[in-house]
Amino acid sequence: SLENKRPSDAQILAQARARSKSRGRLSMTTTDDFKFGTTLGEGSYSTVQKATHVITGQPYAIKILEKSHLIRNNKMHTAIAERNALAALGAGHPGIVRLHSTFQDEWRLYFVLDFARNGEMKTILNKIGSLSLPCARYYAAQLVDTIDYMHSKGVIHRDLKPENLLLDDSYRTKICDFGTGKVLETGVDRAQTWVGTAQYIAPELLEAKETSKSSDFWALGCIIYQFIAGRFAFQGLSDFLTWQKIKKLEYTFPEGFDNEAKDLIQKLLVREPTERLGVGSPGSENDIDALKGHSFFKPISWDKLWVDPPPPLE
Ligand code: ATP
């Protein structure tokens with residue numbers, strides 16, 4: 001009879017487990033599968049805790065989001081956006097904090113992420129001020145390569161900044177916090193929401209409230225500037241005054257700033273989004289290959305970028 005042909009719940013579960021195992025993912029995860037450790041960070045809507053998988057001993061960072069808090073603040077969509085962006089990015093690139101699995105209980109959502117042992121780039125910058133030129137070049141190149149991958153998957157980050165660049169065991173960088181991330185529908189290039197952090201916001205966001213891939217390249221310019229100068233490219237006494245400076249493209253380079261880096265930053269911090277280096281369609285003079293081929297990146301071997309050890313952080 002039909003009844004006999006229908007697989008039992010136990011069989012369905014076993015199949016599901018086998019399927020997720022063959023995909024290399026944790027299956028049917030609950031908090032019991034982990035031993036929770038120290039708090040790694042606290043965001044406005046989440047806590048990130050170190051956790052060790054009980055069976056494999058593998059360390060993870062688990063982002064925990066309180067459902068009631070999300071609902072109360074009408075932020076459920078950002079949690080979903082983050083999960084969707086991370087899922088679209090998958091395991092395809094070493095420069096992105098990978099989402100291994102998600103699960104929930106009655107009160108919370110849990111995102112099981114790669115553990116980035118060496119914390120935020122921001123902490124390093126706070127400690128040492130600025131990066132040496134080889135370091136700035138190396139981390140800028142990793143960022144370019146990761147942004148290229150991210151955009152190829154239709155994801156824009158929209159809040160790139162040193163707080164969201166984490167460092168793994170080998171001091172390679174991983175982008176995290178896709179809470180402001182956006183997965184573009186095929187054929188669509190722009191998104192309509194206003195997000196980001198004052199110092200890194202692109203001028204078009206301040207005016208048209210429209211983001212596109214090119215806003216990530218603006219932030220890249222701000223970040224490379226900060227790596228080398230040890231201060232923000234745009235900084236006023238208030239967010240409002242910072243934004244005035246951004247709109248007027250009012251920034252200066254400190255004396256002795258590397259000329260190649262200066263040229264690169266000037267080609268990223270361009271008011272017209274479509275004219276920024278890296279954003280052009282393939283084959284155009286400002287496409288991603290032109291960015292990777294910029295003279296600042298001459299010493300970089302792009303094919304060994306994620307294999308070669310980083311220059312010492314000093
Ligand atoms: P915010 O409100 O600032 O945007 P958030 O709630 O979106 O924060 P995240 O930025 O994702 O949270 O994480 C908060 C902090 O936790 C990070 O800045 C970082 O210090 C730490 N953290 C996040 N993910 C990881 C990870 N995978 N490995 C190690 N530390 C992490």
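Predicted model, so just to flag it, every value in this text is computed and none were measured. Counting convention: from 1, in listed order, for ligands and their atoms alike.
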Neighbour count above 12 (heavy atom, 6.0 Å) for Lys35 NZ: no
Donor + acceptor pair across side chains of Asp33, His53 (<3.5 Å): no
Between CZ on residue Phe217 and OG on residue Ser212, distance to nearest 0.5 Å: 9.5 Å
salt_bridge(Glu260, Arg137) N-O dist < 4.0 Å: no
Heavy atoms from other residues, nucleotides or ligands near CD of Glu272 exceed 12 (cutoff 6.0 Å): yes
Ligand 1 contact on Ala61 by region, counting heavy-atom pairs under 4.0 Å: side chain
Option nearest atom 16 (O) of ligand 1 (shortest heavy-atom distance, choices Gly41, Ala79, Gly43): Gly41
Residue and atom name of the nearest protein heavy atom (relative to atom 6 (O) of ligand 1), distance in Å to one decimal: Ser46 OG, 2.6 Å
For Asp114, the ligand 1 atoms whose distance to one of its heavy atoms is below 4.0 Å: 26 (C), 27 (N), 28 (N)
Closest protein heavy atom (residue, atom, distance) for atom 14 (C) of ligand 1: Val48 CG2, 4.0 Å
Asp216 (side chain) donor-acceptor with Arg158 (main chain) under 3.5 angstrom: yes
Chi angles and distances behind the salt bridge (charged side-chain N to carboxylate O under 4.0 Å, His left out) call for Arg98, Asp114: CA-CA 5 Å; Arg98 176 181 165 197; Asp114 276 342; 5.7 Å; no
Residues Lys248 and Glu250 bridged, charged N to O under 4.0 Å: yes
Lys63 vs Glu82, salt bridge (charged side-chain N to carboxylate O under 4.0 Å, His left out): CA-CA, chis, key distance, verdict: CA-CA 11 Å; Lys63 187 163 181 166; Glu82 176 157 24; 3.0 Å; yes
Nitrogen or oxygen of Glu42 less than 3.5 angstrom from that of ligand 1: no
Geometric N/O contact Ala116 with ligand 1, under 3.5 angstrom: yes
Region of Asp177 engaging ligand 1 - heavy atom pairs below 4.0 Å: both
Atom 20 (O) of ligand 1 [closest protein heavy-atom partner, distance rounded to 0.1 Å]: Glu120 OE2, 2.6 Å
Region of Lys63 engaging ligand 1 - heavy atom pairs below 4.0 Å: side chain
Where ligand 1 meets Glu163 - atom numbers and elements under 4.0 angstrom, heavy-atom basis: 18 (O)
Residue Ser44 vicinity, atoms of ligand 1 by number, heavy atom under 4.0 Å: 2 (O), 6 (O)
Side chain, backbone, both or neither: the part of Leu166 lying under 4.0 Å from ligand 1 by heavy atom: side chain
